[in-house]
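Note that the structure is predicted; figures quoted are calculated from it, not measured. Count residues from 1 along the sequence. Counting starts at 1 for both ligands and their atoms, in listed order.
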Amino acid sequence: MAVVGSGAGGGVVAAELARAGLDVVVLEKGGYLAERDFHHQEGDAYRDLYLYAQTLTTDDLACRIVAGSTLGGGTVVNFSTSFATPPAVLAEWAEVSGVAAFASGEVADSLEAVAGRLGVTEGQSRPGVRDQLLERGLERLGWHAGPLPRNVRGCAQDAGCGWCGFGCRLGAKQSTLVTYLEEAAAAGARLVVGVDARRVLISSSSATGQAGRAVGLEAVADGGHRLVVRARAVVAAAGAVETPALLLRSGLGGQVGQHLRLHPGTAAMGVFGEPVRWWEGTLQARWSAELRQRLGPYAPIFETVPVHPGTAAVALPWQSAAAHRALMERSANLSLVGVLCRDSGAGRVRVDRDGSPRVRYRLNAADEARMAAGVAAAGEVLAAAGASEVFSIHRQRFSFRPGAPDAHRAWADATRQAGFAGGRATLASYHQMGSCRMGADPATSAVGPDHRTHEVEGLFVADASLFPTASGVNPMLSVMALAHRAAGPIAAALS
Ligand SMILES: Cc1cc2nc3c(=O)[nH]c(=O)nc-3n(C[C@H](O)[C@H](O)[C@H](O)COP(=O)(O)OP(=O)(O)OC[C@H]3O[C@@H](n4cnc5c(N)ncnc54)[C@H](O)[C@@H]3O)c2cc1C
């Protein structure tokens with residue numbers, strides 16, 4: 001059994017399959033870095049721990065696509081927020097996909113199992129200054145504010161935590177590196193890093209008219225040599241950009257690569273009199289569902305993120321070198337309210353001539369309108385928290401000074417009219433999903449209810465690609481739950 005990818009999906013499914021007695025090899029194209037190796041140098045960390053060193057974007061350059069690429073995948077670099085899939089989303093997934101397991105309690109049981117294993121708790125969410133300001137603004141407005149559930153054990157929750165997007169040096173973040181992958185290895189799984197799976201080997205059964213069967217993988221190892229892995233079955237868990245790319249390189253088609261969701265995110269930013277040091281503090285500690293409660297299930301939620309100089313340089317509005325530099329020099333006094341959008345529209349992953357993924361994605365009008373409402377409300381939060389100036393992260397600088405009559409309304413109108421699509425504002429995706437979605441009908445999905453691709457026997461998917469629609473909350477726990485659930489049908493198919 002070969003598992004491609006070792007992140008939220010790959011780590012969990014590898015452990016569960018190894019525990020079930022299967023002979024498992026995990027192929028991970030990133031390297032193996034652990035607590036002692038996390039150097040916390042921003043630029044080098046992007047190179048060492050992130051997919052394509054964080055240079056991947058949508059094909060129109062409008063939205064950065066940020067994902068982990070290391071042993072443990074996204075779970076090593078992510079911000080440790082651990083939401084269970086909301087029941088309403090599970091119900092939607094059951095309806096869209098025709099897969100009963102989403103709403104029958106089966107996925108809910110897996111959610112409980114993985115949350116228990118990761119020690120998910122709201123008890124280690126001490127807010128840093130960024131999150132204190134978010135909470136202060138929300139409370140002054142009388143809006144929803146809540147602590148974030150996190151997968152940490154013994155987290156320091158102090159200034160140093162802001163660097164954990166480059167790996168947690170304490171081992172407190174319960175990534176698959178320190179949980180499921182350790183268990184997989186203990187149960188006999190072999191973990192091989194620096195191996196880029198290029199193609200699933202599929203035996204042709206055209207004579208019988210039946211679908212082909214996965215019999216292994218062709219890969220390229222560090223140093224460029226070709227590697228062939230023979231296996232009774234293959235589980236693709238390379239993330240929602242790379243899993244469809246692998247399947248497309250292997251000759252699959254149909255719905256593979258379609259329905260990609262990105263949770264596109266943007267922000268409002270504020271200038272504060274007090275030092276914020278937005279790169280410091282617990283990764284994420286507070287959130288707000290205010291707009292979702294008011295505007296419905298596809299409205300954005302608010303969270304903050306740690307902002308190191310490289311991220312700030314990319315995100316902050318650019319009018320001129322001098323203006324950008326002036327803003328960068330004020331970094332210590334800036335804060336943000338992140339606007340995390342649940343996209344109803346979808347993009348598509350294809351591969352180019354050398355097999356690299358290309359992501360086509362355009363924000364649709366409804367999502368853009370909800371994003372505009374989110375930014376307007378985020379500006380209100382920052383103003384209520386005491387910002388002396390609030391701005392959006394459009395290419396053009398749109399800002400207002402709280403207290404001036406009608407200032408917020410004029411700013412919100414200007415940002416909405418400018419729009420957010422097509423590179424007019426900084427957008428980033430930390431959550432890619434849905435590009436090989438699960439469903440009963442091959443006309444609208446790529447993978448069946450038993451995690452097997454509709455097209456190839458013995459080829460399974462167990463990662464964020466499976467989501468029928470966007471999760472609407474940070475997706476790691478949902479990915480892990482689906483991977484946990486996947487192990488049952490996969491082991492059964494091989495017995
Ligand atoms: C900076 C950041 C912060 C985030 N914060 C949160 C958060 O706080 N909470 C939350 O719920 N979610 C968060 N996420 C998202 C979450 O981490 C992902 O949704 C989740 O990890 C996706 O799981 P996955 O198994 O689909 O893919 P991943 O975890 O990305 O794992 C895929 C792995 O496959 C490997 N791979 C890819 N292609 C190949 C190939 N061809 N051959 C071999 N290996 C390959 C990759 O290197 C990678 O290690 C964050 C993501 C990022 C990047």
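- Scanning all protein heavy atoms for the shortest distance to atom 50 (C) of ligand 1 gives N78 CB, 3.3 Å.
- Nearest to atom 52 (C) of ligand 1 among the protein's heavy atoms is Y430 CD2, 3.9 Å.
- Atom 19 (O) of ligand 1 has its closest protein heavy atom at P475 CG, 3.3 Å.
- Under 3.5 Å, the side chains of S6 and Y32 contain no donor-acceptor pair of N or O atoms.
- Proximity to V66 (heavy-atom distance under 4.0 Å) selects the following atoms of ligand 1: 53 (C).
- Under 4.0 angstrom from ligand 1, there are no non-hydrogen atoms of L283.
- Protein heavy atom at the shortest distance from atom 30 (O) of ligand 1 is G74 N, 3.7 Å.
- Residue contacts with ligand 1, taken as heavy atom pairs separated by less than 4.0 Å, do not involve L246 at all.
- Counting only heavy atoms of the protein, atom 23 (O) of ligand 1 lies nearest to A8 CB, 3.3 Å.
- When every heavy atom of L336 is checked against every heavy atom of R130, the shortest pair comes out as CD2-CD, 3.9 Å.
- Ligand-side atoms of ligand 1 in range of A237: 32 (C), 34 (O), range being under 4.0 angstrom from any heavy atom.
- R150 and T282 are not linked by any side-chain donor-acceptor pair at a separation below 3.5 angstrom, with hydrogens and angles left out of the test.
- The aromatic rings of H263 and H431 sit perpendicular to each other, their planes meeting at more than 60°, with 30° as the lower class boundary.
- In the model, Q54 has a side-chain atom that pairs as donor or acceptor with a side-chain atom of R64 under 3.5 Å.
- Between the side chains of R485 and H451, a donor-acceptor pair is found at a separation under 3.5 Å.
- If you check each of V305, L148, D196 against atom 40 (C) of ligand 1, the one with the closest non-hydrogen atom is D196.
- Electrostatic pairing of R117 and E16 does not count as a salt bridge here, judged by no charged N lying under 4.0 Å from a carboxylate O.
- Residue contacts with ligand 1, taken as heavy atom pairs separated by less than 4.0 Å, involve A464 via backbone and side-chain atoms alike.
- At least one heavy atom of V195 sits less than 4.0 Å from an atom of ligand 1.
- For atom 25 (O) of ligand 1, the closest non-hydrogen atom on the protein side is G9 N, 2.8 Å.
- A salt bridge is absent between D131 and R126; no separation between the charged side-chain nitrogens and carboxylate oxygens falls under 4.0 Å.
- Residue contacts with ligand 1 for V479 involve side-chain atoms from C-beta outward but no N, CA, C or O (heavy atoms, distance under 4.0 Å).
- Counting protein heavy atoms under 4.0 angstrom from atom 4 (C) of ligand 1 gives one or more.
- Of the protein's heavy atoms, K29 CG, 3.7 Å lies nearest to atom 45 (C) of ligand 1.
- Neither the backbone nor the side chain of S82 has a heavy atom within less than 4.0 Å of ligand 1.
- Heavy atoms from both the backbone and the side chain of E28 come within less than 4.0 Å of ligand 1.
- Below 30°, between 30° and 60°, or above 60°: for Y50 and Y46 the angle between ring planes is above 60°, a perpendicular geometry.
- When A238, A483, S471 are checked for heavy-atom proximity to atom 36 (N) of ligand 1, A238 turns out nearest.
- Close approach of ligand 1 to S69 (heavy-atom distance below 4.0 Å) involves ligand atoms 46 (C), 47 (O), 49 (O).
- Ionic pairing of R358 and D352 is present here: one or more N-O contacts between side-chain nitrogen and carboxylate oxygen are shorter than 4.0 angstrom.
- Of the charged side-chain nitrogens involved, at least one lies within less than 4.0 Å of a carboxylate oxygen, so that R362 and D59 count as a salt-bridged pair.
- In summary, the atoms of ligand 1 found under 4.0 Å from a heavy atom of G239, numbered by their order in the structure, are 26 (O), 27 (O), 32 (C).
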